[in-house]
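Excluded from the calculations below are hydrogen atoms, water molecules and symmetry mates; all remaining heavy atoms, backbone and side chain alike, are included.
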Amino acid sequence: MINQKRRKDVRNIAIIAHVDHGKTTLVDALLKYTGAYAFKDGETTIMDSNPLEKERGITILSKNASLQYKGVQFNIVDTPGHADFGSEVERILKMVDGVLLLVDAFEGPMPQTKFVLKKSLELHLKPILVINKLDRVHARPDEVADLTFDLFCDLNATDEQLDFPIVYASGKDGYAMIDLDDPRESMKPLLETILHRVLPPIADPELPFQMLVTMLDYDSYVGLIAIGRIFHGMIRVAQPIALVKRDGSVTRGKVTKILKYRGLKRVEEEEAQAGDIVLLSGVDGVEVGETLASIEDPKALPTIKIDEPTISMNFCHNTSPLAGKDGGRFLTSRHIRERLTHEAMINVGVKVEEVDNGERFKVSGRGELHLEILIETMRREGYEMEVSRPNVIMKNIGSETLEPVEEVVIEVTPEFQGQVMQVLGERKAQTKDIRTTSAGSIRMEFLIASRALIGFRSDFLVMTRGNGVMYQNFFEYQSYKGDMPKRLRGVLISQTGGEAVTYALFGLEPRGEIFIKPGDSLYEGMIIGVNNKGADLVVNAQREKKLTNMRASGSDDAMQLTPPRPMTLEFALEFIEDDELVEVTPKNLRLRKFFLKEEDRKRQNRKN
């Protein structure tokens with residue numbers, strides 16, 4: 001029986017919420033109030049250090065920070081809000097003793113709110129409800145508090161969990177309060193609530209050392225770094241240590257470095273004890289969910305269960321005629337294999353398998369955005385590759401085929417409601433709820449197969465003229481839903497290589513949307529636009545105007561082309577079909593056919 005000693009000078013807490021409900025901004029306010037970080041003029045969302053996070057305005061990777069308040073160290077973990085990064089959330093919750101559940105004071109509980117709250121309740125954590133963004137127009141904090149209580153009840157929270165404290169806050173303006181009539185002064189009320197309502201960690205320094213590895217990092221100097229919380233005992237630099245693998249086997253290592261967080265910085269320490277969240281180096285082959293333990297008594301802690309991937313894509317080195325001409329530094333299958341192996345090692349939500357004798361790699365993840373971020377990161381690191389259309393991962397249980405189903409929430413103005421419902425009806429969506437919000441918009445909830453959503457988001461943005469809001473979250477595996485609508489339009493395929501010419505593109509514009517501009521490099525088999533007639537069409541985009549000695553007034557005026565849409569990775573992956581690929585380079589995104597030559601495509605069609 002473990003002695004329930006608690007370490008009263010530490011609080012370990014995670015911040016969980018739906019995407020864009022203000023987690024990172026709230027952490028800014030806490031760091032600023034306690035002086036844990038010296039902000040420069042205009043500096044915000046300091047925890048979103050990744051360039052992609054700053055561009056997209058979302059948290060992708062979980063990050064740690066610490067601050068001091070009344071002699072107590074608060075270890076705070078900022079978690080992603082998007083469902084595709086749910087594996088990050090699940091691991092982090094194993095490190096902490098309490099959670100701040102942030103809910104937008106206007107939007108209320110959303111799909112990811114339900115997901116992260118369910119995970120925290122299953123781990124018997126006691127949440128503190130923070131109704132954030134009180135500064136928003138149409139904020140409705142009392143109604144949101146009632147809706148969140150209903151969500152707790154729907155998730156079968158215990159009586160103890162239902163007795164959660166409520167703090168009202170604005171991370172942007174830097175204040176929190178217990179009652180809506182209280183003065184709006186500082187973050188002190190939230191810090192006091194954490195201090196008194198989050199339990200100190202159970203921590204007995206006299207027990208044998210045990211630490212659960214919940215995250216991994218890599219440093220080119222010290223190698224693999226295990227990140228996690230020490231549950232029992234103490235550890236010192238140069239001390240021998242045991243790694244208890246998932247299969248029960250035990251290997252040995254020696255601690256070469258111990259790092260702790262001070263504000264946002266990692267600081268070297270000589271020792272650490274139960275209750276601390278630390279970074280340890282010196283153990284090779286460690287994986288997420290495994291246990292670091294004392295040599296004398298190497299016992300494993302309960303492992304972390306991670307939800308399975310739902311989407312997969314094939315990655316391959318760039319085989320197009322333009323390979324290596326866009327500034328790429330890593331061009332071979334070996335480079336891609338090494339990078340994907342490294343990603344799978346530190347990102348527990350990613351799985352990598354070799355296919356086609358190692359020429360291609362099947363990469364599986366939690367959703368389209370999860371894999372898009374990986375592709376975009378590799379692209380910026382200098383990798384060139386080709387990726388296939390996303391495919392959902394089916395399950396076979398007995399004679400029944402199951403597929404992943406998503407819970408989707410859509411918010412639009414009333415004029416777009418009918419059109420959205422019609423398109424989702426064609427994709428076999430099941431309507432769960434429709435209601436009018438206090439701002440007059442229509443909020444609709446659906447259950448829909450994951451594969452039916454591939455390609456829907458870009459159509460949705462066009463349909464609602466960019467004004468619609470859409471959130472999705474994995475719901476469960478259900479029976480196979482049958483065939484789904486496919487892309488109704490064909491594509492325009494370049495006949496030869498060379499540079500695109502204005503005259504040729506002007507002649508092609510009536511056929512459909514063009515993806516390229518004059519002067520762009522082309523190759524045979526490259527997709528240059530849409531054919532509205534429905535069938536694929538091979539065209540000559542290098543055709544120039546024939547010269548004659550006849551001229552008419554105005555005939556040689558400059559031709560005005562419609563500017564092409566910016567090619568984004570999200571659009572490209574949703575647009576392509578199974579016989580097409582996205583070519584990804586540091587400078588360009590191109591669409592192409594899998595078989596570049598027309599005769600090869602015809603031969604493949606005859607086989608099918």
Side-chain angles (χ1 to χ4, degrees), residues 5-14 27 30-31 34-38 46-47 49 61-78 91-92 94-97 194-195 198 200-244 252-286 288 290-298 301 346:
K5 290 184 180 178
R6 292 190 180 270
R7 189 174 163 194
K8 295 184 179 179
D9 63 337
V10 172
R11 299 292 186 277
N12 295 322
I13 190 160
V27 174
L30 293 172
L31 293 172
T34 56
Y37 179 80
I46 193 63
M47 294 281 275
S49 53
L61 302 171
S62 298
K63 297 175 204 68
N64 300 55
S66 74
L67 54 89
Q68 294 283 333
Y69 180 70
K70 290 189 173 180
V72 177
Q73 177 164 317
F74 287 27
N75 292 318
I76 298 177
V77 191
D78 184 18
R91 291 179 285 157
I92 296 317
K94 284 278 191 177
M95 296 168 62
V96 300
D97 302 289
I194 295 172
L195 186 64
V198 175
I202 295 172
D204 191 341
E206 297 174 8
L207 288 172
F209 174 75
Q210 279 183 306
M211 169 180 152
L212 183 66
V213 179
T214 49
M215 291 190 287
L216 294 173
D217 201 353
Y218 186 82
D219 185 284
S220 54
Y221 293 103
V222 300
L224 203 58
I225 299 172
I227 305 172
R229 170 181 161 182
I230 301 175
F231 280 80
H232 306 299
M234 298 184 68
I235 192 73
R236 293 180 177 84
V237 173
Q239 183 175 324
I241 195 171
L243 168 62
V244 186
R252 292 189 169 210
K254 186 169 76 170
V255 177
T256 55
K257 269 191 181 182
I258 299 175
L259 301 169
K260 292 182 186 176
Y261 285 94
R262 292 285 180 270
L264 298 179
K265 294 180 180 177
R266 296 175 176 182
V267 180
E268 284 196 45
E269 300 279 356
E270 285 300 311
E271 65 176 34
Q273 61 176 304
D276 287 333
I277 292 176
V278 297
L279 304 88
L280 298 183
S281 63
V283 184
D284 294 329
V286 62
V288 169
E290 296 177 343
T291 302
L292 295 176
S294 69
I295 290 287
E296 294 79 17
D297 190 13
L301 291 161
I346 61 173

A.B. asks: What's the verdict on side chain to side chain contact (heavy atoms under 4.5 Å, CB included) for Leu224 and Asp284, showing C-alpha distance, side-chain angles and the deciding distance?
C.D. replies: CA-CA 7 Å; Leu224 203 58; Asp284 294 329; 5.6 Å; no
A.B. asks: Return the set of residues passing side-chain hydrogen bond (donor to acceptor under 3.5 Å, both in side chains) with Arg236 (not counting sequence neighbours), or none when no residue passes.
C.D. replies: Glu271
A.B. asks: Show the nearest heavy-atom pair for residues Glu270 and Ile258, with the distance to one decimal.
C.D. replies: O-CD1, 3.8 Å
A.B. asks: Distance-only, no hydrogens or angles: does the Ser294 side chain make a donor-acceptor pair with backbone N or O of Pro208 under 3.5 Å?
C.D. replies: no
A.B. asks: Which distance, rounded to the nearest 0.5 Å, do you find between the CD1 of Ile227 and the CG of Asp217?
C.D. replies: 5.0 Å
A.B. asks: Can you name the residues that form a side-chain hydrogen bond (donor to acceptor under 3.5 Å, both in side chains) with Glu290, not counting sequence neighbours?
C.D. replies: Lys245
A.B. asks: Would you mind reporting whether Ile241 and Leu280 have side-chain heavy atoms less than 4.5 Å apart?
C.D. replies: yes
A.B. asks: Does the side chain to side chain contact (heavy atoms under 4.5 Å, CB included) test come out yes or no for Ile230 and Met211, once each step is laid out?
C.D. replies: CA-CA 4 Å; Ile230 301 175; Met211 169 180 152; 4.2 Å; yes
A.B. asks: Any idea which heavy atoms bring Leu292 and Phe209 closest together, and the distance?
C.D. replies: O-CE2, 3.6 Å
A.B. asks: Are any side-chain N or O atoms of Thr34 and backbone N or O atoms of Tyr69, one a donor and one an acceptor, separated by less than 3.5 Å?
C.D. replies: no
A.B. asks: State whether the number of non-hydrogen atoms from other residues, nucleotides or ligands found under 6.0 Å of Asp297 atom CG is greater than 12.
C.D. replies: yes
A.B. asks: With rounding to the nearest 0.5 Å, note down the distance linking CG in Asp204 to CD in Gln210.
C.D. replies: 11.5 Å
A.B. asks: Rounded to the nearest 0.5 Å, how far apart are CG of Asp276 and OH of Tyr261?
C.D. replies: 13.0 Å
A.B. asks: Considering residues at least two apart in sequence or located in another chain, which fulfil the side-chain contact (heavy atoms from CB on, under 4.5 Å) criterion with Val198?
C.D. replies: Arg11, Ile13, Asp97, Ile128, Ile194
A.B. asks: What pairs with Leu259 under side-chain contact (heavy atoms from CB on, under 4.5 Å), at least two apart in sequence or on another chain?
C.D. replies: Arg266, Glu268, Leu279
A.B. asks: With sequence neighbours excluded, tell me which residues meet side-chain hydrogen bond (donor to acceptor under 3.5 Å, both in side chains) with Gln239.
C.D. replies: none
A.B. asks: Can you name the nearest heavy-atom pair linking Ala272 to Val278, along with the distance?
C.D. replies: CB-CG1, 3.7 Å
A.B. asks: Applying the side chain to side chain contact (heavy atoms under 4.5 Å, CB included) test to Val10, which of Pro201, Ser66, Pro200 qualifies?
C.D. replies: Pro201
A.B. asks: If the condition is side-chain hydrogen bond (donor to acceptor under 3.5 Å, both in side chains), which residues does Asn75 pass it with, not counting sequence neighbours?
C.D. replies: Asn12, Gln73
A.B. asks: Check the surroundings of atom NZ in Lys260: do more than 12 heavy atoms from other residues, nucleotides or ligands lie under 6.0 Å from it?
C.D. replies: yes
A.B. asks: Please round to the nearest 0.5 Å and tell me the distance separating atom NZ of Lys94 and atom CZ of Arg229.
C.D. replies: 11.0 Å
A.B. asks: So how far is it from Thr214 OG1 to Met95 CE, rounded to the nearest 0.5 Å?
C.D. replies: 4.0 Å
A.B. asks: Considering all heavy atoms of both residues, which atom of Arg7 and which atom of Gly275 are nearest to each other, and what is their separation?
C.D. replies: NH1-C, 4.0 Å
